[in-house]
Student: 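Okay, handing you the structure first.
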Amino acid sequence: QAELGKPQRNCCTLPGFDFSYGLYIHRTDGGVPEAIGHWNTVKPRTALLQKMPRDFITMNRGALKAGYTTAHEFNLYYKAKDIRRKEDEYSRFKRCPPKVPADLTYGITARPCTPFFDLLQHKYKELWMEQQRALTAAQRVEKKKKDKVCETRTTFLRKHPLPAKEESFWHLPRLEKVGPHLSTFPDRDARKKAFSA
């Protein structure tokens, strides 16, 4: 039954102070003294011996020195002398540490100190003023280039007029290549004599 004059409790009661949560392992769980007094470290695993791939460069060189030329002879040589690659050559990272120069500094380099002498002399202001002057001069030159009048065909023809065309008599185009239909000369000699005159 609910207690008189008190709200109903929906939670469970907690165990006492001598209760330990979690799984208690006998013989190994000695609490804080066990953790401080002993080093229960994980034993290192023995590296699995990896079968290295074949060193075909060395085997091919040896086969050529032995005088073999055909593919069948090369295969027999591979079976007879199975040379494997060395672990150091095949490993991605060398076991020895990389060679680093003695004066190498790790991390970010320190910011250079502030030149107070330049600040007192207002050197940065002078540099900025020089940059602004150079920028203004470049803008003026650019504006002068833009202000030039673009040369059109009219201005070009005024400077360099086209040569005058020679007048030629106008002929009907359909009658230019029409030959004569009548020959009024008595003979060819008279015609030649008339045209030569």
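Just so you know, these numbers use all the heavy atoms, side chains as well, and skip hydrogens, waters and symmetry mates. Just so it is clear, the model here is predicted, and its values are computed rather than measured. This chain uses plain numbering: 1 for the first residue, then up along the sequence.
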Student: Checking Phe156 now: which residues fulfil ring pair (Phe, Tyr, Trp, His ring centres under 6.0 Å) with it, not counting sequence neighbours?
Tutor: His160

Student: Atom CE in Met129, atom CD in Gln132: separation rounded to 0.5 Å?
Tutor: 8.0 Å

Student: For Lys145, give me all partners under salt bridge (charged side-chain N to carboxylate O under 4.0 Å, His left out), at least two apart in sequence or on another chain.
Tutor: none

Student: Is there a side-chain contact (heavy atoms from CB on, under 4.5 Å) between Glu73 and Thr69? Walk through the geometry before answering.
Tutor: CA-CA 7 Å; Glu73 291 172 345; Thr69 53; 3.9 Å; yes

Student: Between CZ of Phe185 and CG of Asp187, what distance do you get to the nearest 0.5 Å?
Tutor: 10.0 Å

Student: Mind listing the closest non-hydrogen atom pair of Pro115 and Tyr124 along with its distance?
Tutor: CG-OH, 3.2 Å

Student: Please report the interatomic distance NZ(Lys123) to CZ(Phe117), rounded to the nearest 0.5 Å.
Tutor: 9.5 Å

Student: Is any side-chain heavy atom of Glu151 closer than 4.5 Å to a side-chain heavy atom of Lys159?
Tutor: yes

Student: Side-chain heavy atoms under 4.5 Å apart, restricted to Ile/Leu/Val/Met/Phe/Trp/Tyr: what other residues fall into the cluster of Val100, or is it alone?
Tutor: Leu104, Tyr106

Student: Not counting sequence neighbours, which residues clear salt bridge (charged side-chain N to carboxylate O under 4.0 Å, His left out) with Arg61? List them please.
Tutor: none

Student: Can you name the side-chain contact (heavy atoms from CB on, under 4.5 Å) partners of Asp82, sequence neighbours left out?
Tutor: Arg54, Arg84

Student: My understanding is that a hydrophobic cluster links ILVMFWY residues whose side chain heavy atoms are under 4.5 Å apart, including indirect links. Using that, what else belongs to the cluster containing Leu64?
Tutor: Phe56, Met59, Tyr68, Phe74, Tyr77, Tyr78, Ile83

Student: Are there more than 12 heavy atoms of other residues, nucleotides or ligands under 6.0 Å from atom CD1 of Ile57?
Tutor: no

